[in-house]
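Report on one structure; see the data block that follows.
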Number of protein chains: 2
Amino acid sequence: MTTPAYQQIKDYVLAEIHAGNWREGDLVPSEHELVRRFGVARMTVNRAIRELAAEGVLTRSQGAGTYVAATKYHGTLVEIKSIADEIRSRGHRHTARVLKLTTVRADGALASEIGVNENDKLFHSVILHLENEQPIQLEERWVNPALAPDYLAQDFTRVTPNEYLTRSAPLSRVEYRIEARRPDRSTKAKLEMDKDEPCLVLHRRTYSNGVVASVANLFHPAGRYQFSGYF
Amino acid sequence: MTTPAYQQIKDYVLAEIHAGNWREGDLVPSEHELVRRFGVARMTVNRAIRELAAEGVLTRSQGAGTYVAATKYHGTLVEIKSIADEIRSRGHRHTARVLKLTTVRADGALASEIGVNENDKLFHSVILHLENEQPIQLEERWVNPALAPDYLAQDFTRVTPNEYLTRSAPLSRVEYRIEARRPDRSTKAKLEMDKDEPCLVLHRRTYSNGVVASVANLFHPAGRYQFSGYF
DNA sequence: GAGTGGTCTAGACCACAAT
DNA sequence: TTGTGGTCTAGACCACTCC
């Protein structure tokens, strides 16, 4: 019931990356080098590294070497890329307004969704994201303080909560729900929405090491935003 | 510039499955048997089959054998499972009403979206799906006749277009777009929607072997439907 | 016990990149 | 030319399932 050698090598590489010892773009030890370190056959190292490459953790190029891949969480659908990157990739200007950033007490529904006790402290933020000065996303978020103790000290006009959280607590699982909804009056005003314009809402719950790190509701004006992708 | 042996074996297995010679749940030849047929080392066969298992095409169990997996397209998000299966998995009753099923001529926009010439023939269907007699999805679809010549002869109250198409033309690529929208009067009436209730719309374009097989617009009442998933 | 997959070895030859 | 990854071989031992 011992862990297979190739899996131990995979775990080793992942641990080095998560610990920050090997960063994006860094050169990973060669197969030959890992063969020496682990005292196994090259085929065994090859399997470990090849699988990590297939999983998108590493990139390889023949003759050159193996590198730590850029972290893309997770590609397939409703990507966990930050709204800021998305706006910038369209060649537009992203700005953010922090409307709220405080500590709150968890009420019953929130406590059970995040998996803490009622009345436990949670961090709460409300941020409005603008694309070329026009509101595009209202981000309402509750954060588990255990996983991001410095949350309240961040400048979220420069780094989005999403970016900060994925850096401070590597995410292991994401649950989402997408719905259409009529906005309440306050949401409608903040997003400067037209009369009768519906809202496209993404609810997202992210986990880090099996613990809920954060719960977010992302509201978008239907006329200015949609999700898309392929696979 | 020859294809690697492991890739040839993967291609062979995929071809047998797509051709229908090997069906869901069928036992796949053992590694030993494939070693004999292809005249390669077992490690080479092992890599081919292991990768197909990792991709979800096959399932393996030690001691028992390797089987063709149930076709789940594609798992991660906005799964391509049929609305009928989804409703049944909730323990509810699915029924469908075929509102339209004809041949149409492609206008400019449709022709370019599907990649045919203007005025080429397309199959067009409009189907209303009900969950326990309550409308849940209005499916508006255009189909490339080249890939599904018998489309008009199907009984879509028994098999959904989606199920029929994935069987007759294995899909290789899916593009989607999700948006919130106010329904037009006719859509609203068909889906028996409340006053001011928004619509959750999924646009989907599916490819088979690099050719557009079908374009669909799926309309859902916001109050009765949402997309969800995890990864 | 016979057959299956799961893993591993100790070599090998090749294509490609950097120098 | 040296070092890298890409692929492959011909064995081996083991754990598991099925009969």
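Throughout, protein chains are lettered first and strands after them, A, B, ... in sequence-line order, and every chain is numbered starting at 1. Keep in mind that what you see is a predicted model, and the values were worked out from it rather than measured.
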Carboxylate-amine/guanidinium contact Glu51(A) Arg50(B), below 4.0 Å: yes

Of the listed nucleotides dC8(C), dG6(D), dT9(C), the one nearest the side chain of Arg60(A): dG6(D)

Contact under 4.0 Å: Thr44(A) side-chain N or O vs dT9(C) OP1/OP2: yes

Nearest-neighbour nucleotide for the Val40(A) side chain, dT9(D), dT7(D), dT9(C) considered: dT9(C)

From CA spacing to verdict: ring-ring contact (aromatic ring centres under 6.0 Å, His included), Phe38(B), Tyr6(B): CA-CA 10 Å; Phe38(B) 284 87; Tyr6(B) 78 90; over 10 Å; no

Short side-chain N/O contact from Thr66(B) to OP1 or OP2 of dT4(C), under 4.0 Å: no

N/O-N/O pairs, protein side and nucleotides 12-16 of chain D side, under 3.5 Å:
from    : atom 1 : to       : atom 2 : distance (Å)
dA12(D) : N6     : Arg42(B) : NH1    : 3.1
dA15(D) : N3     : Gln62(B) : OE1    : 2.7
dC16(D) : O4'    : Gln62(B) : OE1    : 3.2

Side-chain ion pair, Arg60(A) and Glu31(A), N-O less than 4.0 Å: yes

Donor-acceptor contact present, side-chain His220(A) to main-chain Leu200(A), <3.5 Å: yes

Presence of salt bridge, Glu55(A) and Lys10(A), under 4.0 angstrom: yes

Distance, rounded to the nearest Å, where Leu27(A) contributes CG and dG3(D) contributes C1': 11 Å

Residue-phosphate contact under 4.0 Å: Tyr6(A) side-chain N/O, dT7(C) OP1/OP2: yes

Charged N-O contact under 4.0 Å between Arg93(A) and Glu133(A): yes

